[in-house]
Number of protein chains: 2
Amino acid sequence: MRISSKVECGIISLVDICIYSNNSVVTVINISARQNISAKYLEQILPQLRQADIIRSVKGSHGGYVLTRPAEKITLRDVIDALDSTVLGECSIREDSQIADAISECLWSKMTAYLQDFTDSVTLRDIADKLADTAADQPMYYI
Amino acid sequence: MRISSKVECGIISLVDICIYSNNSVVTVINISARQNISAKYLEQILPQLRQADIIRSVKGSHGGYVLTRPAEKITLRDVIDALDSTVLGECSIREDSQIADAISECLWSKMTAYLQDFTDSVTLRDIADKLADTAADQPMYYI
DNA sequence: CTGTATTCCTACTGTTTTAATAAGTATAGC
DNA sequence: GCTATACTTATTAAAACAGTAGGAATACAG
């Protein structure tokens, strides 16, 4: 399925914040450098996540972002809805069409409902854990 | 989820052909009139469905379209793939990102797999049947 | 109280995708 | 040969997307 760059970058940013905030905030510059995403682009995405109450910002020098709640309480649905309401929303376009209505009932509604449920069941913690597993498979070597 | 007008019009056209082909072919003009879709637009969509071996065309006067096989053998996945390969395809954009890989594994891959399976399980017959049910609920009155 | 590091806001721009239209060609029945 | 149809290719207008730019607001440090 087609996912916008904005949604993908948004999720990546949140996972980055989750991993790298050790009792302190994470800045746009940090995320940008680590994840190779334009800082100006992030400056457009992160405020949307703040408005959706997924992250909290600290302004001024030594400012940055932190998650508003534990990673296991932030679902991917929260994030996707905040950044692109069309992904999990309705989809039929034609009106006044009985056939379109039938397609909607047999197909789109069920697909949308599944996507909503599924994204509700996956949290930022799941992504972070998967990442830790992968890292364990490819261990770092120290000199 | 976002579905293109092309996919929706394509499915509507096929259901129309399924319903209205009584041992004969259905023309673009017929579909256009019944479904309120521009004939010129349909002329762009139907050839794609023919190339995907979902419908067969008869050229010349008295020409038109018919399904290549029974409606219960045409899945919605066949149709969606024929008209828009991005709907059921891969979705991650960022490369060289461990986090993007983890998101893909935890989220996109599973979602895509579900959508493929589900659309594989729904056929044109299902839509046509649902339509017949709805019509029965709202009976026509004859004078 | 000034400098600096940061978030925040709004607008802009170039590219791609989408939706639809247009014009004309090819085919086959009558 | 006329007509009704499918077929092909090109074009256009609008919208969405991805990313950029400039500067305002904020708060900490010295």
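Quick note on labels: first sequence line is chain A, next is B, and so on, each numbered from 1.
Using a 4.0 Å cut-off, some side-chain N or O of R50(A) falls inside it from OP1 or OP2 of dC9(C). Contact between the side-chain N/O atoms of Y41(B) and the OP1/OP2 oxygens of dA22(C) is not found at any separation under 4.0 Å. OP1 or OP2 of dT17(C) has not a single side-chain nitrogen or oxygen of S4(B) nearer than 4.0 Å. Between S57(B) and dC7(D) there is a side-chain polar atom (N or O) within less than 4.0 angstrom of OP1 or OP2.
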Heavy-atom contacts, protein to nucleotides 10-16 of chain C, under 4.0 Å, summarised as B (base), S (sugar-phosphate only) or - (none) per nt, yield -------

Under a 4.0 Å heavy-atom criterion, the protein footprint on nucleotides 25-30 of chain C, written with B, S and -, is --BBSS

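Ring-centre distance between F118(B) and Y114(A): not below the 6.0 Å cut-off.
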Taking only distance into account, with no hydrogens and no angle test, what donor-acceptor pairs under 3.5 Å do side-chain atoms of residues 13-21 of chain A form with protein atoms, sequence neighbours excluded?
| residue | atom | partner | partner atom | Å |
| --- | --- | --- | --- | --- |
| S13(A) | OG | C9(A) | O | 2.8 |
| D16(A) | OD1 | R34(A) | NE | 3.4 |
| D16(A) | OD1 | R34(A) | NH2 | 2.8 |
| D16(A) | OD2 | R34(A) | NE | 2.9 |
| D16(A) | OD2 | Q35(A) | NE2 | 2.7 |
| S21(A) | OG | I17(A) | O | 3.0 |

Can you give each donor-acceptor pair under 3.5 Å made by side-chain atoms of residues 47-59 of chain B, sequence neighbours left out, with the distance rounded to 0.1 Å?
none

I'd like a table of atom pairs between the protein and nucleotides 12-14 of chain D - only N or O on both sides, under 3.5 Å - with the distance next to each one.
none

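In this structure, NZ on K110(B) lies 13.0 Å from OG1 on T119(A), to the nearest 0.5 angstrom.
Where I93(B) and G63(B) meet DNA chain D, the nucleotide closest to each residue was compared, and G63(B) sits on the side nearer the 5' end. Both P47(B) and T86(A) lie close to DNA chain D; mapped to their nearest nucleotides by heavy-atom distance, the more 5′-ward contact belongs to P47(B).
Using a distance-only test at 3.5 Å, with no hydrogens or angles considered, a donor-acceptor pair links the side chain of S32(A) to the main chain of I37(A).
Across the protein-nucleic acid pair, Q51(B) atom CD and dA6(D) atom P stand 16 Å apart, rounded to whole Å.
Under 3.5 Å, the side chains of E8(A) and S92(B) contain a donor-acceptor pair of N or O atoms.
At a non-hydrogen distance threshold of 4.0 Å, nothing from residues 14-31 of chain A comes into contact with DNA chain D.
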